[in-house]
Amino acid sequence: MERAVVQITLFGLLLCLVTTLPNKDDWDIYSFHINSTVSSRYATTVITSRVANRMNESKEIEFQVRIPKNAFISKFTMFIDGQVYDGVVKAKEEAEQQYTEAVSRGQSAGLVSSVGRTLEEFKTSVTVAAHKKVTFELTYEELLKRRLGKYELQIHARPMQPVKDFKVDVYIHEKAGINFIETKGGLSTKALANAITKTQTETEAWVYFYPTEAQQRACDSCGEQGMNGDLVVVYDVNRDVASGDIKTSYGYFVHHFAPSSLPRIPKNVVFVIDRSGSMKGRKIEQTRIALIHILNDLAEDDYFGLITFDGNIFHWKRELVQASKTNVNSAKKFARGIRDGGYTDINEAVLEGAHMLNAHPREGSASILILLTDGDPTTGETNLERIHSNVRRAIADKFPLYCLGFGFDVSFEFLEKMSLQNNGVARRIYEDSDADLQLKGFYEEVATPLLTNVTMMYTGGTNLTQTHFSQYYNGSEIVVAGQITDNDIETFTPEVVAVSGTQRLRFFNKNATVESTGTVTDRRIQRVWAYLTVKQLLEKELQLSGPEKARMKKEALELSLKYSFVTPFTSMVVTKPPGENTDVLHKPKEGEKHHYKPIIPLSPAHMPQRPAIIPLSPAHMPQRPAIIPLSPAHMPQRPGQSHRRKEISRIHTGHSPVLARPRAPYPGVQAPYSDTAGFPGGSHGDFYLLHRIHQVLAGNLEKDQVQHAKEPAVSVFHRILLKAENQSLPLCFDVPGNTYIKLFHHPSDELSVNGLLDSVANRGFKIIGIHFKNNQYIEIVTNGINVQAGQGVTRNPGQDLVTADITVFGRDKEFDVAVGDTRMVILVHEKDGNKFLWPVLRQRPSDDRVDGILALKAAVYEEVQQSPSTKLKIRDQEIDVTRSSAVDYSISIPPTLDCWFMSAESALQRRLDDFTAAQL
């Protein structure tokens, strides 16, 4: 099976920045969530920021985040005092008209501005009344691009204050299969490493980042102003079919083509290096360093040339030479001697590079021209249009031109247009300490050609995105999307033809299955098509002129408006409460100077009037699979149960009511229990009696029902999953229903969490009780929170509970619990109309003394026998197991996983009694 590395820089999908005023007491970001869903390499990210005005007067509150430059904002909403205010995407000219009408008012506006290598900034503000809250919710979308075998989804967090409820949830779904997933970056170091959890199945992966306030101050670039760094998620996918991965839905398709088991093609490469006066100092030094590294990486069957230029052209050799050791050493010596000079003649330099490649045709090779410059042409031909025309004629579609613009003085649009016209791309090199690594990294992307003249053909396809590609490089990917004619998948046939060296290849599998999905969420295939189409229309508009340029702009604008994309041709008008300015947010072009524009405020009549909503974090984000861990046996008494316990004490024979084990194993378990282990008297009847006592404690049975306890026990069990280390299959075991489970115990924080399992088989928990220190008790049920205050109980269904020591946030289908350095999520599931709870430990505290089911570490086992029966070896003990399955309720949309089924004692390597409690 061929595999291709996919790296997701969780920062690529997403880089987020929320800033506040210097005085945190003015307003407080009390909750900040980032939810990213990646499916078929298309990422949708939702940033939700909840801010409270702590002042006794109205305050202007700002929302500021950074997003990937390749992303399109598609939605923005504010929730204020029960009202909903939406951003609306309009043609930029329409927004400009509002601006023109309001210039004299001097009103400020928001914008999307270019702020860095891969990021743009989204910024707006709104006035919030005293002691009121506002929720900002921004959505953006991006097709992840594969480079060097990696997809990158990058997240930068700089909230300017520690946030009490900070969460990053990333869900990845790839039908091709996920081989591995890992995290890196500045936010994965030191104490923050404990805040990251990740889980994967064959086709899905989850990454969670839940740092506490203390941890947000403790990373390499953290302090009293919170985090300032990146989180990077890296994952790999399986690639089984050479013809690629095709998905269809609702009449649209997307084709990912990335064959990897192909021989490399020898290349001919010419480097054209600017050595004009503006390159003086660090730029020329970093260029020399990068060039020497690149020369070292040339293969011996490659041919290369090296040109430097200012107002004149300087050759190392006047024709291409083979990359022998002698020639490479000579070229490195030349590179070390590159010095800055005078003016900049880009036209003559690029034409000379093209001439060298044209003069050295070599069958079965791939040619590449790379230009590095930091400025505009200042001598020779300086008319940009004529330079474009000259270069286009010289290259004549025979090889790509890649333009690297060093710094911000260069006319990047000029370089971008020249690259696009010649089947290449432009890349800005930033004047940072790692500029040499940026140069080397770009070269590595094009260092290994595998195919040339790639043509993608689709019988039964229409409205296709780009289908011809001059070259395909190892570690990259070609993506084509389109519509299926008449939505007739039976007649839809994909085919790829390309050249590998001297051979013509055809990638076609008439028996290949074209995967078709029909769920609402899979309309993202249509959005992939729209995203790619708009991107490519923007590129064509840049290259063309006259009527064709206008037509490209018109088509890009219409699609941007239809799919609500903020592009260079559209703006988002952010409506606000009556009397406030309305912001117009623009997407800049690369290198465009950003500025604020005054905007006319909308009248109250135009403001949306919707019913009040309580905003919750997006429910569609799948949650990480987990285990069910718990805490100590001596749990404080649950409020409101003392009278029942007195009744029970008259019924029972004097033994303390602990969970007993059945004499005989329950169905499917291989001799898990001894006759009397942990059970006074050891009788089956006593076990059933205690089972019924638990039901009384749960409020399900009355006392007189327990008095008839000597009847057969009902086999009600719940299957529990225990993750395994470095193994594809987890362990699983059964626990009886109506059992009190010790989920988690943290002695240092005096925190204990217990749960009561449901009386219906294969569900979760009816009630989860949280005890903190001596006098705080919180009880979570499916529809709300009970809080003990002294002798009374206050019911707060679905509300947030925030104290100095503990926070509980009730959200749609989940409760978030934070105590010290412990973070827990309690998911609410529904099956057959009945709701139940499932706890997940999102962040394990650093204290090794924590205990309970949720605190269990991943199981370590090896498979030692497959026939006649399967045996696993755990801690030097061989255990008979059977292959079974279990629903993983630790994820919001629970998958069914294969698992190795065994007794609870074998899986836990401890007595089940160690994980049960007498009460909540």
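When all heavy atoms of Val51 and Ser49 are compared, the pair lying nearest together is CG2-OG, 3.6 Å. The minimum heavy-atom distance linking Leu585 with Lys123 is given by the pair CD2-O, 3.1 Å.
By the 4.0 Å N-to-carboxylate-O rule, Glu213 lies close enough to Lys164 to be salt-bridged with it. Arg147 and Glu445 are joined by a salt bridge, as a carboxylate oxygen and a charged side-chain nitrogen come within less than 4.0 angstrom of each other. The existence of a salt bridge linking Lys175 and Glu204 is excluded, since no basic side-chain nitrogen approaches an acidic carboxylate oxygen closer than 4.0 Å. Taking the charged nitrogens against the carboxylate oxygens, Lys723 and Asp888 have no contact shorter than 4.0 Å, which rules out a salt bridge. Under 4.0 Å is where a charged nitrogen must lie from a carboxylate oxygen, and between Lys247 and Asp245 at least one such pair does. A salt bridge links Glu141 with Arg527: at least one charged nitrogen is closer than 4.0 Å to a carboxylate oxygen. A salt bridge links Lys167 with Asp816: the closest approach of a Lys/Arg side-chain nitrogen to an acidic carboxylate oxygen falls below 4.0 angstrom.
Under the 4.5 Å side-chain criterion, counting only non-hydrogen atoms from C-beta, Ser892 is not in contact with Glu814. Residues Leu841 and Thr822 form a side-chain contact, since some pair of their non-hydrogen atoms from C-beta on lies under 4.5 Å apart. Using a 4.5 Å cut-off on side-chain heavy atoms (C-beta onward), Asp169 and Ile34 make no contact. In this structure the side chain of Phe32 never reaches within 4.5 angstrom of the side chain of Thr48, judged on heavy atoms. Side-chain contact check for Ile826 versus Phe765: every heavy-atom pair is 4.5 Å or farther apart. Side-chain contact between Met78 and Val126 is present, with heavy atoms from C-beta onward closer than 4.5 Å. Looking at heavy atoms from C-beta onward, Ile891 lies in side-chain contact with Trp206 at the 4.5 angstrom threshold. Between Trp529 and Thr465 there is a side-chain heavy-atom pair separated by less than 4.5 Å.
Annotation: the span from Ser31 atom OG to Asp165 atom CG amounts to 3.5 Å, rounded to 0.5 Å. Rounded to the nearest 0.5 angstrom, Ile73 CD1 and Tyr140 OH are separated by 9.5 Å. Atom-to-atom distance recorded for Thr248:OG1 and Ile484:CD1 is 4.5 Å, nearest 0.5 angstrom. Atom CH2 of Trp838 is separated from atom CD1 of Ile768 by 9.5 Å, given to the nearest 0.5 angstrom. Taking CD1 of Ile178 as the start and CG of Asn238 as the end, the distance is 9.0 Å to the nearest 0.5 Å. Note: Ser40 OG to Leu143 CG = 10.0 Å, rounded to the nearest 0.5 Å.
Each of Arg146, Lys145, Arg41 was checked for a salt bridge (charged side-chain N to carboxylate O under 4.0 Å, His left out) with Glu477, and the lone residue meeting it is Arg41.
Residues Ser885 and Asp898 bring no donor and acceptor atom of their side chains to less than 3.5 Å of each other. A side-chain donor-acceptor contact under 3.5 Å links Gln843 and Gln215. Counted by atom type alone, Tyr563 and Gln526 present one or more donor-acceptor pairs between their side chains at under 3.5 Å.
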(request) Please step through ring-ring contact (aromatic ring centres under 6.0 Å, His included) for the pair Tyr210 and Phe166, ending with a clear verdict. (result) CA-CA 6 Å; Tyr210 284 34; Phe166 187 98; 9.1 Å; no
(request) Start with the C-alpha gap between Met227 and Val163, add the side-chain angles, then the distance that decides, and say whether side-chain contact (heavy atoms from CB on, under 4.5 Å) holds. (result) CA-CA 9 Å; Met227 296 178 295; Val163 178; over 6 Å; no
(request) Test side-chain contact (heavy atoms from CB on, under 4.5 Å) on Ser36 and Thr44 and set out the steps. (result) CA-CA 6 Å; Ser36 286; Thr44 302; over 6 Å; no
(message) For a ring-ring contact (aromatic ring centres under 6.0 Å, His included) check, start with the C-alpha distance between Phe253 and Phe492, then their side-chain angles and the critical distance, and finish with the verdict.
(response) CA-CA 10 Å; Phe253 77 89; Phe492 177 70; 4.7 Å; yes
(message) As a quick check of understanding, evaluate side-chain contact (heavy atoms from CB on, under 4.5 Å) for Lys133 and Arg50, giving each step before the final call.
(response) CA-CA 7 Å; Lys133 299 177 181 179; Arg50 296 176 173 86; over 6 Å; no
(message) Does Val574 form a side-chain contact (heavy atoms from CB on, under 4.5 Å) with Val584? I'd like the steps, not just the answer.
(response) CA-CA 6 Å; Val574 181; Val584 173; over 6 Å; no
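Between His255 and Phe257, the ring-plane angle classifies as perpendicular under the 30° and 60° cut-offs. Aromatic ring orientation, Phe836 versus Tyr889: perpendicular (interplanar angle above 60°, classes split at 30° and 60°). Below 30°, between 30° and 60°, or above 60°: for Phe63 and Phe136 the angle between ring planes is below 30°, a parallel geometry.
Other residues, nucleotides and ligands contribute over 12 non-hydrogen atoms within 6.0 Å of the NZ atom of Lys535.
The aromatic ring centroids of Tyr531 and Phe72 lie less than 6.0 Å from each other.
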